[in-house]
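Nothing here was measured: the structure is a model prediction, and the numbers come from that model.
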Amino acid sequence: MNFAEARRRMVDGQIRPNKVTDPLLLDALRSIPREAFLPPALRSRAYLDEDVPLPGSPGRVVTEPLVLARLIQLAAIRPGDRVLLAAANTGYDAAVLAHLGARVTAVEADAALVAAARAALSGIGLLPGTVRLEAAPPAEGFAAAAPFDAILIEGEITALPE
């Protein structure tokens with residue numbers, strides 16, 4: 001599979017036609033290899049317009065690209081912003097935010113997902129240094145890195161934490 005071509009088609013066919021216009025965000029989505037953040041058996045689904053379930057982590061998914069793009073665009077993330085990513089999953093969102101120039105603290109409680117995120121982020125050169133990845137309960141945030149300009153929650157929550 002030609003992942004670079006699939007990535008280009010995702011941006012041009014799914015993201016841009018759906019009112020995502022931020023040029024920095026579009027560049028990030030064209031640049032970050034989403035397939036690197038999925039288990040090998042699921043990499044062919046990396047650029048489909050759907051959530052990708054994460055095996056071994058019931059109820060956890062890598063959010064579909066359009067939803068992520070719209071959330072980030074609405075948050076108006078800019079270079080230098082301090083961003084907390086709660087429930088970081090395999091780290092794709094953290095990579096996109098870092099590509100925008102944000103200083104990202106990514107928090108994830110699931111040990112297998114922390115390991116996957118560490119491997120994927122290291123594999124594309126964002127660890128160590130660019131992204132701070134913490135194994136901790138996302139609902140608690142990460143006060144040691146606060147304050148934050150934005151908080152992005154990867155997934156559904158039942159109640160907003162204090």
Side-chain angles (χ1 to χ4, degrees), residues 1-40 42-54 57 59-108 113 116-127 129-133 138 141-142 145 147-158 160-161:
M1 180 169 187
N2 182 339
F3 288 116
E5 177 63 15
R7 200 164 33 257
R8 184 192 66 73
R9 287 177 187 244
M10 174 193 73
V11 171
D12 292 342
Q14 296 170 31
I15 308 299
R16 286 183 47 231
N18 284 289
K19 300 180 184 175
V20 177
T21 58
D22 181 324
L24 293 174
L25 178 55
L26 293 171
D27 181 61
L29 296 170
R30 279 188 198 98
S31 301
I32 302 297
R34 191 167 188 257
E35 71 275 6
F37 295 87
L38 295 174
L42 296 175
R43 289 184 177 160
S44 64
R45 296 175 62 184
Y47 300 103
L48 298 178
D49 188 25
E50 62 183 30
D51 293 338
V52 179
L54 294 168
S57 299
R60 302 293 299 273
V61 300
V62 175
T63 302
E64 68 182 83
L66 178 58
V67 170
L68 174 66
R70 298 286 301 269
L71 286 172
I72 292 174
Q73 181 169 271
L74 286 170
I77 305 298
R78 292 293 165 243
D81 282 355
R82 298 167 57 96
V83 179
L84 173 65
L85 174 60
N89 282 338
T90 61
Y92 177 70
D93 299 14
V96 172
L97 292 164
H99 191 85
L100 294 174
R103 293 179 291 168
V104 181
T105 300
V107 180
E108 176 56 60
L113 293 178
R118 191 169 312 285
L121 291 165
S122 295
I124 63 168
L126 294 177
L127 279 180
T130 305
V131 172
R132 178 177 184 171
L133 179 61
F142 198 76
F148 298 102
D149 299 301
I151 298 172
L152 181 68
I153 301 169
E154 168 60 48
E156 179 180 21
I157 60 170
T158 56
L160 209 57

I need the minimum non-hydrogen distance between [X] and [Y], along with the two atoms involved.
X: V83; Y: F148; answer: C-CD2, 3.7 Å
X: A117; Y: L133; answer: CB-CD2, 3.9 Å
X: D51; Y: R45; answer: O-NH2, 3.9 Å
X: G80; Y: D149; answer: O-OD2, 4.3 Å
X: G91; Y: L121; answer: O-CD2, 3.7 Å
X: A98; Y: T130; answer: CB-CG2, 3.7 Å

Side-chain heavy atoms of [X] within contact of [Y], under 4.5 Å:
X: L66; Y: I15; result: yes
X: I32; Y: F37; result: yes
X: V20; Y: V11; result: no
X: Q73; Y: T21; result: yes
X: I124; Y: P33; result: yes
X: P65; Y: R7; result: no
X: L71; Y: E154; result: no

Practice task
Could you go through the side chain to side chain contact (heavy atoms under 4.5 Å, CB included) check for L54 and V62 one step at a time?
Solution key: CA-CA 7 Å; L54 294 168; V62 175; 3.7 Å; yes
Between [X] (side chain) and [Y] (backbone), is there a donor-acceptor pair under 3.5 Å?
X: R103; Y: D81; result: no
X: E108; Y: A88; result: yes
X: N89; Y: V61; result: yes

Out of curiosity, [X] [atom1] to [Y] [atom2], how far, rounded to the nearest 0.5 Å?
X: Q14; Y: R9; atom1: CD; atom2: CZ; value: 11.5 Å
X: H99; Y: L126; atom1: NE2; atom2: CG; value: 9.5 Å
X: L29; Y: M10; atom1: CG; atom2: CE; value: 5.0 Å
X: L42; Y: T90; atom1: CG; atom2: OG1; value: 10.5 Å

Practice task
Check the pair V96, L25 against side chain to side chain contact (heavy atoms under 4.5 Å, CB included), reporting the backbone distance first and the verdict last.
Solution key: CA-CA 8 Å; V96 172; L25 178 55; 3.9 Å; yes
Problem - N18 and R70: side chain donor to acceptor below 3.5 Å - result: no
Exercise for the section: For Y47 and R34, test the side chains for any donor-to-acceptor distance below 3.5 angstrom and give the result as yes or no. Expected result: no
Problem - SB check R78 D22 (cutoff 4.0 Å) - result: yes
